[in-house]
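Atoms considered below: every heavy atom in the structure, side chains included; atoms not considered: hydrogens, waters and symmetry mates. Protein chains get the first letters and strands the later ones, always in sequence-line order, with residue 1 at the start of each.
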Amino acid sequence: MTPARAGFVPQVLLIPAIVGLALLVLPLAALVARVDWPTLWADVSSPEALSALLLSLGTGAVATTACVLVGVPLALVIARSGPRLAAVLRAVVTVPLVLPPMVGGVALLFLFGRTSWLGGVLGEWGLRIPFTTTAVVLAQTFVALPFLVLALEGSLRTTGTGYEQAAAALGAGRWTILGRVTLPLASPGLVAGIVLCFARAIGEFGATALFAGNSPGVTQTMPLAIYTAFNGAGVSQGTAVALALLLLVTAIAVLLLVRAWRPGSPR
Amino acid sequence: MTPARAGFVPQVLLIPAIVGLALLVLPLAALVARVDWPTLWADVSSPEALSALLLSLGTGAVATTACVLVGVPLALVIARSGPRLAAVLRAVVTVPLVLPPMVGGVALLFLFGRTSWLGGVLGEWGLRIPFTTTAVVLAQTFVALPFLVLALEGSLRTTGTGYEQAAAALGAGRWTILGRVTLPLASPGLVAGIVLCFARAIGEFGATALFAGNSPGVTQTMPLAIYTAFNGAGVSQGTAVALALLLLVTAIAVLLLVRAWRPGSPR
Amino acid sequence: MSGETLDAHVVVRRGVFRLDAAIAADAGEVVALMGPSGAGKSTLLAALAGLVRLAEGEIRVGDRIVDSGARRRMHVQPSARRVVLLSQDARLFPHLTAHENIAFGPRAQGIVASVADAEADEWLWRVGLDGMGRRRPAELSGGQQQRVAIARALATTPAVLLLDEPLTSLDPETGDAVRAVLQEQLASTRTTAIVATHDAVDAVALAHRMVVLEEGVVTQEGAVRDILSSPATGFAAAVAGLNRVTGRVADGRWERGGLSLGLGGQDDELREGAEAAAVFRPGAVRLERVDATTWTGTLRLTAGREAAGEWVARVVRLEQTPAGVRVHTDPPVVAVDLAPDAALGLAPGVPVQLRLAETNVRFLPVVRPASADAPAPES
Amino acid sequence: MSGETLDAHVVVRRGVFRLDAAIAADAGEVVALMGPSGAGKSTLLAALAGLVRLAEGEIRVGDRIVDSGARRRMHVQPSARRVVLLSQDARLFPHLTAHENIAFGPRAQGIVASVADAEADEWLWRVGLDGMGRRRPAELSGGQQQRVAIARALATTPAVLLLDEPLTSLDPETGDAVRAVLQEQLASTRTTAIVATHDAVDAVALAHRMVVLEEGVVTQEGAVRDILSSPATGFAAAVAGLNRVTGRVADGRWERGGLSLGLGGQDDELREGAEAAAVFRPGAVRLERVDATTWTGTLRLTAGREAAGEWVARVVRLEQTPAGVRVHTDPPVVAVDLAPDAALGLAPGVPVQLRLAETNVRFLPVVRPASADAPAPES
Amino acid sequence: ASQADSSPTATPLPGETEELGGTLTVFAAASLKAAFDTIAEEFEQANPGVDILPIVYDGSSTLATQLIEGAPVDVFASADEANMKKVTDAGLATGAELFATNTLVVVVPTGNPGEVEDLSDLGDDSVTVVLCAPEVPCGAASRTLLDDAGVVVTPASLEQNVTAVLTKVAADEADAGLVYATDVRSRDDVESFVPEGAADVVNRYPLVALADSANPDAAAAFVAFVRGPEGQAILQDLGFGAP
Ligand SMILES: Nc1ncnc2c1ncn2[C@@H]1O[C@H](COP(=O)(O)OP(=O)(O)OP(=O)(O)O)[C@@H](O)[C@H]1O
Ligand SMILES: Nc1ncnc2c1ncn2[C@@H]1O[C@H](COP(=O)(O)OP(=O)(O)OP(=O)(O)O)[C@@H](O)[C@H]1O
Ligand SMILES: [Mg+2]
Ligand SMILES: [Mg+2]
C-alpha cells in the first residue's frame, strides 16, 4: 500500500530539523558572502585549479570504486557474522575515522615508505608509492573506506536475511542472491555509503598532504590547492574561497547525478 | 526462523574483505611499530595530554548529543519526504563532508567571527563564540552531523513505513510510534550513525584549528595536540604518535561500550 | 468499553483501481466483509482506520466525522479515531516479544505497565500461547504469529475493530478455538467490528450482517444467511458453495440454452423476459455418462427436445473432495458432487448427461449493481 | 523436468521445540502435510529446502544425500538441491515487479531472459493476474501477492516442490481456480511435492498421501481418505470434521463414563480392555433439551442406567454454521450439528440429552505414537 | 594608536621590576614553539605577577585569520612579514618589530643516501627533492635561493610547511629538502649542511602587541623581553639569527 507520504513523524520535530539544516547551511552562506566576485572566474578557471579539480574527481572516483570493491564484501562479512566478531570488526573499521587524517598519513608513510619492509619489497620491484597519484588514491581509500562499510552494514542488518532465504529457496545461487536481492534491498545504505565515501575522498586533505605530497598535476588535489592558496602569504584568501566553492559545486553535482542513477528506494 | 548465521555471502568475497581489513589495519600496525616505547608512558600521561584527551571526550560527547538532537529529526524528515525534496536535502547535508574541514572552519569563522553580522549581534550580547570550547563543539557538530543524518536516513528508508502504519492502526500516537517502533527498528543505522558521528567529532582537526584555535585546556583537543606535537620543531614525532595511540585506544574503548549498550540487532 | 456506530462512504483511487463503497455498522454489530481477491476489502479497512486518504466520501464514528474527502483538514489521525485495524500482513513488531507486542496497544493508550502486562498475559493464555510470551515473532510459527496479532488487536478494546482475514493460516482445531475467543470478546465488549474473511464458516459464526464487495463496488448486502441462500453474484454463490446459472424467464419457465426448468411457483419476483439466476447445490444434480461415440449425435438429437431439467455437457475437470468427487461441467459451468465411486470412468472431455429437479432450484432475479462501472455478475 | 524421490529423516531443535520426523515421497507423488499450529510443518519444509541445519538425520533427493546431521560437510546449498520452497510468509521481493518476481527462479537457473519472460507472462495469466505484471508487490492485494508467490515457486520446475500453506488468504472462487492450476501443474510435470495445508479440501484435491505431524512427531500417515475416515488423533478428527471420543472396550462394548455403545461387529481390531476411540459425524448425534430444574436429578437418575448410546451433557457453546447451528457439549467434548431452528432455547450451560446410533459410529484402536516425548492424543 | 599612549611605561627596561600583572595570551608561529616556551618561562620568572597562558602555536596564516576574526590575543609573533602585514592592515596593531631571522639549510636523511654534497646536487634528476610550496614563506625563500644559485629543481612535492618536508626526509622518502636551520637543530634523525648563498636569503620574524590587548603593559613588556638580551640569547641558542 502507498503509505501516507509524511509518515508518522511528530511535527514538532520540524524545529530541530530546521536548526540542524541551518547549522549546515549558514556557514556556507557566510562563505559565499565573502566570495570575491570580480576575481572568482579567474580563480576557478585557472589551469592549476582545473587540473586540481580533475585530479580530485579522478582520484575520488577511483578511490570510491576501490572502497566499493573491498568495502562491500567487508560490510557483508561484518553484517553476517556473530555479535562478538562483528563488534571487533566494526571497532577495527572505525579506527581510521578516529585518527586525525594527518596521523593516518604518517601511518601510511610508515607502511609504504622506503624504510619499511613493505616499501622495501615494493621498491625492489621498482614500485614507489609515495609522491604518486597512487598514493593519493590510497590515502583517500584509507580514510573513506570506513564510511562505506559502516553505512552499508547498518542497512544490511536492517534488511535481515529473510529475502535471501526466500531467494535461496527458489534455487538462486550465492552470487545471484547477492546481486539481485541483498544489494538492491540494502541500496539505501549502499547509496548513502557511496555518497559519504566519495564526499570524504574528495574532501580528504591531511593524509594526502603527508603521504602523497603536494605536486601540482600529480598529487595536488583540490583540498591541497585550497590549503596552499589559503596559506599563501601573498595570495588573497579569495582564491581559497573560490576554489572551495568550485569543489563544492562540482561534488554536489556529481552526487546528484549519482542519486539520479536510482531515484526510488526499493520500498 | 533463525537464519543460518553465515547468510548467503559468496565465500570468495572473503578475499576482498580481508584486503579491505588489511588496508585499514596495516598502517596502524606500521604506526605502532614506530612507537617509542620508553617514552610512551611519559608522553601519554603528561598533564597536557590528559587535559586534551578529556577535552576531546567531553566536546565529542556534547557534539554527538547535539548531532543526535538535531540529526535524528533531520534524518526523519528527509527519509519521509518525497524523492525530489529528499535529494535536495541530502545534497545540502552532504556539503560539510565535501568541504575540506579547514574551509569549514573558515566558513564558521566567517559566520560567527567579529566581522560578520551574526558575530556582531552576538558580540553585543557579550557572547563570543570563536576560540571558546563552544566553538570546538560547534565545529565538531558541523563536521559530524552529516554522518549521523545520512547513515540513519538509509536505515529509515530500508525499514519502510509498514510497521509505523501497524502501530498507528493500533492507536499509537506519533511520539509512541517514534520511540517504540521507528527508532528501534532503524537502530542499526542509528548506532552506525552515532559511531561515525562520535568518531568524526573526536578526530576533527581542521575546522577546530581554525574556528576554535589551539589553546591548551580550552580548545586544544587531542588532534590539535597531536598536530602541535608533530609540528613543534625540536619535539620528536614520538610524542605525536604516542598521543595518536592514546586517542585511538580511548575512542575504541568508548565505541565498544556504546555498542555493548544494545548488542543485538532487532531482527 | 463498548462499540460505537460506524457509517462510512469511502472513495479511494489506487492506480487504475477505484473503490467506491458505503458500509455501516450499528454499535456492537459485527459485519462480515467478503469479496474476491483484489476487490478492495483491505483498502476499505485501511481507509476506515485512517491509513489511506479518501478521495471522496466521509467516515463517521459515533457522531464524529473522522474523515472527509471533501474537507482535507478533517483527516483525524489513526490514533485519535478509536478505530483499530488488524491488517492482512500482521506486521508484528520484530524487535518486541510476543508479550510486548500484545501490550503495545494498551500501553500506547496510556494504560499503566502493570495492568497492560497482566492483560497481555491473559491474552496470551486465551489464544493458547501460554509460556511463549518472551519469544520474538521470528521464534514463533506462522499460526502462532497470527494469534499474537489477533490478541494484539483485541487487547486494545477500541470502539470499532477492523479485522482483515484474522483466521487464515490457522488449522481447524486452533481456528475453532480462536474463533470462539473472538466471538466471545466481540459479544462481551459489544465492540463494533468489521471482519474481512474468505470463509463462509467464519462469516456465519461471527457476523450478523454481510457486505459483498466486488471490484470496488458493493454488490450485495444483508443478513449473512440470506446472502448465502440467495447469492446475487457468482462470487457469493461460490462462497455459499452453490451453483448459479443465469438464464431468462420465458413462457413462465426459466431457460438457458437447451436447459429449461419450471419456476415451481417462485415466479412472483420474476418478470417475463427478465434475467434470472438458477441457484442449486452441487449435490442436487444427477449425472450420467453418455457414450462418447454418440456424443455429437446425442447433442444433435437432444437439442431442442431435451426433457425439462436435463442437459448434456462435457466434463471439464474432476476434483477429489472430502465427501467424494466434484465434477466440473460446461456449458453451462456447473459443479456436481458425486460419491467417490460414482465418478469412475469420468475424465476431462467426457460427455455427460445432467439432470436437475425443479424442487432443488431457487430462482433469483438478476440485479445489476447501481454503479456504472460495476462488473456484470458472471454465471 | 520431472520429480525425484524424496526420503528424509529430519531432526531439528528450536529452543525447547524438537522436530523428529521422517517423510518420504515417490517421484511425482504429492504428499499433504497437516498438523496443528506450531507442530513443526514449516520447520520440516525449511530443513528439506536446506534453510535449517539438521541436528540429526539425513535427507535424500533421488539417490543423492543432500543433507546429513551426522556429517556436517554434507550440507548441500539450497540452490544445488533442486528443491524449491514456497514459504509461509511469501516474501515477494519488494524491489522487483510481479513479473520479475516470477521470472526470478527461472533466471536464477540460467534460463535466458526472453524465455523466462515469456514463462512469467504465462504464469501471470494462469494465476489470473494478467496485466498486473508491472506492479510491485506493495501495489497488489494480499491474495494477489499470494498468487504471485505460487507462480514464482511453480515457475522454477524443480525436482521437489515444497509448498507451505499455498492457498491461504485466497477467496473460494480464486482458491478453486488456483488449486486447479496447482493440481494440473503438479500432475503434468510429475513434480514431487509436499504441501503443508490446514484445509482438508486442499489435501484431498491435491495429495495422494498425507502425513500428520503433531508437536514435532508424525502421529499418522497414509492415504488421505483413510486418515480422514479413521483419524488417529483429535487433530486429525478435527480436520475431517468428525467427533472423536476415546473410551475403553469392556464386555464387547465401548464405554466412556456413562456412555456405552455396542461395537456392532467392528470388534476385530479391538482387544478387550484396550483404549478405543469412537468417531462420528456431528450431524449423527440427536440432541434434546433437558429441563433445567431436573438437571441434577436427571444426572443422578440416569447415572449408570442410561440407555445404550444416550448420555446427558451441558451445552458449552453455540456456533452458527452455514448449514445451521453447531452445539458444543461437554462431557465428553462432542459437537452436534442442528438445523437453524432446532437450536431454539439452547444456551451455554443448558443441560441436554444426546443420542447416538451405533451404526453411525466407527471404532478405532488408540495407538500411542512411538516417540517417547510424543503428546497423548486428546479425546 | 598604539597602547603606548595609554601606558606611561610602555617600554620598561628588562629586569626592571614594574608592577606588571594579569594574564597574557600569545599567538606564535609553529616554528617558534621551542624558543617561545622557554622565553615564556623566563619572562614569568622575571615578572612573577604575569601569567602567560599556554601559547597557541599554528601556521602564521591561520593565526592571522583568527586574529582578524577577533581572537583575543595580546601578542602575535609571525614567521613572515606578509602575514603580519595582514594583521596591521586590518588595523589591529601598529609598529610590528623584527625579532629574529632564519636561514635555509639542506637537509638529508641519516647517511645521506642520495649523496647530496652541495646545492647543485639538488638539480640532479636521480635525487628526490621536496620543497615547501612557493606560496608559503619557506618555499618562497627556497625558490629565491635556488634561483640565485641557478639550480633548476623538479621537486617531488611542494609541501605545505617545513614539518612536512622534514617528515619526508626523515622517513627516507626524499633524498634532500630545504628547511630552516632552526628546524634541524635538535633533530638526530636527519643530517644537514648550510648551502652557499644561504646567508643572502633571510626570513624575518616580526612580532607585535595588539592594539586592543587587555593587558597592554605586560604585552609590551613581553615584546621588549623577546627583543631584549634574554630573548635573543634563547633564540640564537636555537639557531635563529639576529634581526
Ligand atoms: N527460533 C525459534 N526459537 C524457539 N522456538 C521456535 C523457533 N522457531 C520456531 N520455534 C517453534 O517451533 C515450533 C514449530 O514451528 P513451525 O513454524 O515449524 O510450525 P508450523 O507447524 O509451521 O505451524 P503453523 O501452522 O502455525 O505455521 C513452534 O512451536 C515454534 O514456536
Ligand atoms: N499501490 C497500488 N497501486 C495500484 N493498485 C493497487 C495498489 N494497491 C492496491 N491496488 C489494487 O487495489 C485493489 C484492491 O486491493 P485490496 O488489497 O484492497 O484487495 P483485497 O480485497 O483486500 O484483496 P485480497 O482478498 O486479495 O486481500 C487490487 O486490485 C490491487 O491490485
Ligand atoms: Mg486484502
Ligand atoms: Mg508454518
No-hydrogen, no-angle side-chain donor-acceptor test under 3.5 Å, A:Thr159 and B:Thr158:
no
Side chain, backbone, both or neither: which part of A:Val93 has an atom under 4.5 Å from a heavy atom of chain B?
both
Name the region of A:Ile252, side chain, backbone, both or neither, that has any atom closer than 4.5 Å to a heavy atom of chain B.
side chain
Looking only at A:Gly60, A:Ala199, A:Pro101, most heavy-atom pairs under 4.5 Å shared with chain B are made by A:Ala199
The interface call for A:Pro10 against chain B, heavy-atom contacts under 4.5 Å, is both
Heavy-atom contact with chain A under 4.5 Å, split by part of B:Leu24
both
Which one of B:Ile15, B:Val77, B:Leu23 has the most heavy-atom pairs closer than 4.5 Å to chain A?
B:Leu23
Side chain, backbone, both or neither: which part of B:Leu108 has a heavy atom under 4.5 Å from chain A?
both
Any side-chain heavy-atom pair of B:Leu118 and A:Leu26 under 4.5 Å
no
Give, as side chain, backbone, both or neither, the part of A:Leu178 having an atom under 4.5 angstrom from any heavy atom of chain B.
side chain
Where do B:Val143 and B:Ala207 come nearest, in terms of heavy atoms and distance?
CG1-CB, 4.2 Å
Chain B: which of A:Leu69, A:Leu76, A:Thr182 shares the most heavy-atom pairs with it under 4.5 Å?
A:Leu76
Non-hydrogen atoms of chain A under 4.5 Å away: do they reach the side chain of B:Leu138, the backbone, both or neither?
side chain
A:Pro100 and B:Ile226: which non-hydrogen atoms are nearest, and at how many Å?
CG-CD1, 3.9 Å
Residue pair A:Phe205 / A:Leu224: nearest heavy atoms and the distance that separates them
CE1-CD2, 3.5 Å
Closest heavy-atom pair and its distance - A:Ile177, A:Ala167
CG1-CB, 3.9 Å
If you take all heavy atoms of A:Val68 and A:Leu148, which pair is closest and at what distance?
CA-CD2, 3.8 Å
Answer key: most heavy-atom pairs under 4.5 Å with chain B among A:Ala107, A:Ala244, A:Gly206, A:Gly189 is A:Ala107
Portion of B:Val12 that has a non-hydrogen atom of chain A nearer than 4.5 angstrom
side chain
Using non-hydrogen atoms only, which part of A:Val25 is less than 4.5 Å away from chain B: side chain, backbone, both, or neither?
side chain
I'd like to verify something: which residue of A:Val92, A:Val19, A:Leu99, A:Val149 has the highest number of heavy-atom pairs under 4.5 Å with chain B?
A:Leu99
Contact origin within A:Leu85 toward chain B - heavy atom pairs under 4.5 Å
neither
Nearest heavy-atom contact between B:Pro184 and B:Ser187 is O-OG, 2.9 Å
For chain B, find which of A:Ala251, A:Ser155, A:Ala151 contributes the most heavy-atom pairs closer than 4.5 angstrom.
A:Ser155
For A:Thr208, which residues count as a side chain to side chain donor-acceptor pair (under 3.5 Å) partner, sequence neighbours excluded?
A:Glu204
